[in-house]
Amino acid sequence: MRFPLIKIRLLQFNRQLLSIGIIYSILIFLSVLLALYFSYNGFIKVNNAYKVTGLISGVVFFIHLSRKDLQFVHRHIEYPIQNIFAEYVLFTLPFTSLCLVTKQWYYFPVLLFEFYCTAYIHIKRIPKTYFPGLSKIIRSNNFEWLSGIRKNSIFFLAIYFLGLASSWMEIVPLVFLLILTAVVSSFYYECEPLQILFATAKNAKDLLKAKIKNHSLRLLILFAPVIIINSIFHPNMILINILFVFFQILFLLFAILLKYAAYSPNNNVKQNSILFFFAFLGSVIPYLLPLSLIMNIRNYKKAVANLNQYFYD
């Protein structure tokens with residue numbers, strides 16, 4: 001059996017590594033080592049092994065649900081289920097295989113089973129405008145959220161209400177909010193036309209300041225009910241919840257800044273998915289905080305320089 005999907009992913013991965021440069025490549029390599037260390041330490045401890053397993057499963061499940069190429073894969077690639085399954089197994093193997101050298105080795109077949117079940121999920125996306133009255137709640141200058149929520153309305157609301165419903169529990173609601181942040185980050189894949197860009201602000205710094213302030217506040221308001229309820233039921237989680245929100249805002253800033261660092265009218269920045277993935281890891285693993293900060297500082301400078309080309313013109 002051939003696996004063209006894996007070949008495509010390896011080519012895309014190589015192309016993205018070449019495009020992001022040596023500094024990002026080194027940072028990503030170091031973050032992978034930290035993530036491997038974090039995973040191994042998690043698998044060693046019985047009480048943490050299931051959490052690492054759940055995190056890996058959740059990330060793969062979310063990636064699968066957010067994929068836009070499933071229609072293409074099922075139509076044009078032979079044995080699509082097996083190809084998708086092989087893709088998930090190969091790219092998670094550095095992390096999942098770590099449990100094989102611990103007493104919690106039995107989580108490995110559990111993960112394989114979860115990947116195989118996930119590969120069978122095929123949601124056909126039919127373009128449709130949901131919640132036409134949403135513009136009365138979200139102003140048109142927040143078009144990323146307006147468009148993003150409409151496109152992902154069912155999944156977005158389901159994840160949010162699951163987080164709200166589980167807010168009396170420890171950790172569980174944070175997992176749902178983590179997935180929700182990843183959904184929100186996808187709102188920033190599409191670049192707006194120049195007319196909208198010029199209507200948003202007079203210069204690059206004002207635009208970024210407005211986006212960072214307004215969208216961070218929006219995410220904070222979205223998280224507030226879940227975080228407040230969780231903190232009331234579990235006072236010992238207050239500090240963890242505060243740190244969690246801080247990390248999620250950092251990830252949101254990364255999505256905004258990366259969009260404008262690579263901005264081109266009507267362009268799509270989803271080709272930088274490798275950077276999104278490692279920034280997402282940075283919002284989960286505290287050890288990767290330096291990576292998140294460095295990436296945001298670097299992207300802010302690049303975003304200002306890139307946007308100035310359009311504003312000065």
Side-chain angles (χ1 to χ4, degrees), residues 19-21 23-24 27 131 133-152 156 177 180-224 227 242-276 278-280 282-283 289-313:
S19 66
I20 62 178
I23 296 177
Y24 267 145
L27 289 173
F131 304 115
L134 190 63
S135 55
K136 295 179 181 178
I137 302 173
I138 302 176
R139 295 173 59 186
S140 58
N141 61 337
N142 292 313
F143 56 86
E144 292 97 342
W145 282 66
L146 190 60
S147 173
I149 292 176
R150 282 174 173 169
K151 287 180 181 177
N152 303 275
F156 183 89
L177 292 184
L180 200 66
T181 311
V183 175
V184 171
S185 75
S186 69
F187 297 173
Y188 301 91
Y189 285 155
E190 300 289 338
C191 297
E192 65 269 29
L194 278 176
Q195 293 87 343
I196 295 179
L197 184 77
F198 294 149
T200 306
K202 295 181 180 179
N203 57 63
K205 289 186 177 181
D206 284 350
L207 184 143
L208 294 175
K209 181 180 178 180
K211 292 281 183 183
I212 289 171
K213 179 182 177 181
N214 294 337
H215 294 204
S216 297
L217 181 60
R218 193 165 295 280
L219 189 72
L220 194 59
I221 292 171
L222 186 69
F223 282 6
I227 295 297
I242 292 172
L243 289 173
F244 173 81
V245 172
F246 173 71
F247 277 100
Q248 301 318 297
I249 290 176
L250 272 184
F251 181 48
L252 177 69
L253 297 189
F254 171 83
I256 295 171
L257 295 173
L258 183 63
K259 170 188 172 180
Y260 288 108
Y263 175 84
S264 179
N266 302 307
N267 188 30
N268 189 306
V269 298
K270 197 175 181 180
Q271 67 270 17
N272 292 314
S273 55
I274 186 173
L275 293 179
F276 272 101
F278 283 102
F280 178 72
S283 69
L289 176 60
L291 175 65
S292 299
L293 293 174
I294 292 170
M295 291 173 83
N296 279 341
I297 292 170
R298 187 170 185 268
N299 281 335
Y300 178 80
K301 294 177 180 178
K302 289 181 67 177
V304 171
N306 183 43
L307 288 172
N308 278 338
Q309 299 179 61
Y310 296 97
F311 281 106
Y312 289 161
D313 286 344

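Along the sequence shown, residues carry numbers from 1.
- Summarising the geometry, atom CG belonging to Leu307 is positioned 9.5 Å from atom NZ belonging to Lys259; distances are rounded to the nearest 0.5 Å.
- Once rounded to the nearest 0.5 Å, the distance linking OH of Tyr189 with CD of Glu144 reads 14.0 Å.
- Not counting sequence neighbours, Glu190 has no partner by the salt bridge (charged side-chain N to carboxylate O under 4.0 Å, His left out) test.
- Relative ring orientation between Tyr188 and His215 is described as tilted, the plane-to-plane angle lying within the 30° to 60° band.
- In this structure, Asn203 CG and Phe311 CZ are separated by 6.5 Å, a value rounded to the nearest 0.5 Å.
- Contact of the Val304 side chain with the Lys301 side chain is not registered, since no non-hydrogen atoms from C-beta on lie closer than 4.5 Å.
- Contact of the Tyr260 side chain with the Leu197 side chain is registered, since non-hydrogen atoms from C-beta on lie closer than 4.5 Å.
- The shortest distance between side-chain heavy atoms of Val245 and Leu177 does not fall below 4.5 Å.
- In this structure a side-chain-to-backbone donor-acceptor pair under 3.5 Å is present from Asn299 to Met295.
- For the atom pair SG (Cys191) and CG (Asn266), the distance works out to 8.5 Å, reported to the nearest 0.5 Å.
- Gln248 places none of its side-chain heavy atoms less than 4.5 Å from the side chain of Leu180.
- Nearest heavy-atom pair across Asn306 and Ala261 is ND2-O, 3.5 Å.
- Here the side chains of Lys151 and Phe187 are not in contact, with every heavy-atom distance at 4.5 Å or above.
- Remark: Ser185 pairs with no residue by the side chain to side chain donor-acceptor pair (under 3.5 Å) rule, at least two apart or across chains.
- The side-chain heavy atoms of Phe223 and Thr181, taken from C-beta on, include a pair separated by under 4.5 Å.
- A donor-acceptor pair under 3.5 Å links the side-chain atoms of Ser216 to the main chain of Ile212, judged by distance alone.
- Atom NZ of residue Lys209 and atom NZ of residue Lys205 lie 11.0 Å apart, to the nearest 0.5 angstrom.
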(request) Check the pair Tyr300, Leu253 against side-chain contact (heavy atoms from CB on, under 4.5 Å), reporting the backbone distance first and the verdict last. (result) CA-CA 9 Å; Tyr300 178 80; Leu253 297 189; over 6 Å; no

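- Looking only at side-chain heavy atoms (C-beta outward), Tyr310 and Ser264 come within less than 4.5 Å of each other.
- Taken to the nearest 0.5 Å, the CG atom of Asn214 stands 13.0 Å off from the CG atom of Leu219.
- A donor-acceptor contact shorter than 3.5 Å is absent between the side chain of Asp206 and the backbone of Ala201.
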(request) Go through the steps for Trp145 and Leu222 under the test side-chain contact (heavy atoms from CB on, under 4.5 Å), then give the verdict. (result) CA-CA 12 Å; Trp145 282 66; Leu222 186 69; 4.2 Å; yes

